[in-house]
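As the structure is a computational prediction, the values presented were derived from the model and not from experiment.
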Amino acid sequence: MTTSESVLYLYIQKGGVRLSVLSKTGREAVVAILGPGDFFGEGCLAGQPVRMGSATAIRGSTILAI
């Protein structure tokens, strides 16, 4: 799933998501593994204009974009 700037908040209905960031040297650091009932993208609610990491589905997932 690709997201646009209009998507503010993502809720995991089914499946799982890995949240990660890249270091300056290009190494990936896993920040969290999320599952059903979890959410992410809440930085936009606090006015954060730039997305700081990546979200990757780790199995078949259903994500609700708000």
Side-chain angles (χ1 to χ4, degrees):
M1 173 171 88
T2 57
T3 59
S4 68
E5 292 179 18
S6 63
V7 174
L8 299 178
Y9 189 77
L10 299 157
Y11 175 79
I12 304 168
Q13 291 180 315
K14 180 178 80 170
V17 173
R18 178 181 67 232
L19 300 180
S20 60
V21 295
L22 286 179
S23 71
K24 291 179 182 178
T25 61
R27 293 187 56 151
E28 179 183 40
V30 176
V31 177
I33 301 291
L34 305 176
D38 290 329
F39 58 87
F40 58 101
E42 67 276 9
C44 65
L45 299 174
Q48 187 178 49
V50 177
R51 296 178 192 264
M52 303 303 290
S54 298
T56 306
I58 55 175
R59 56 185 168 270
S61 301
T62 302
I63 309 295
L64 176 63
I66 301 171

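- Scanning all heavy atoms of the two residues, the minimum distance from L19 to A55 falls at CD2-CB, 3.6 Å.
- Of all non-hydrogen atoms in T25 and S23, the two that sit nearest each other are OG1-OG, 2.9 Å.
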Can you give each donor-acceptor pair under 3.5 Å made by side-chain atoms of residues 11-18, sequence neighbours left out, with the distance rounded to 0.1 Å?
none

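- Residue I33 belongs to a hydrophobic cluster whose other members are V30, I58, with links defined by side-chain heavy atoms closer than 4.5 Å.
- The side-chain hydrogen bond (donor to acceptor under 3.5 Å, both in side chains) analysis of residues 52-66, with sequence neighbours excluded, yields no pairs.
- Under the side chain to side chain donor-acceptor pair (under 3.5 Å) criterion, S20 pairs with E28, sequence neighbours left out.
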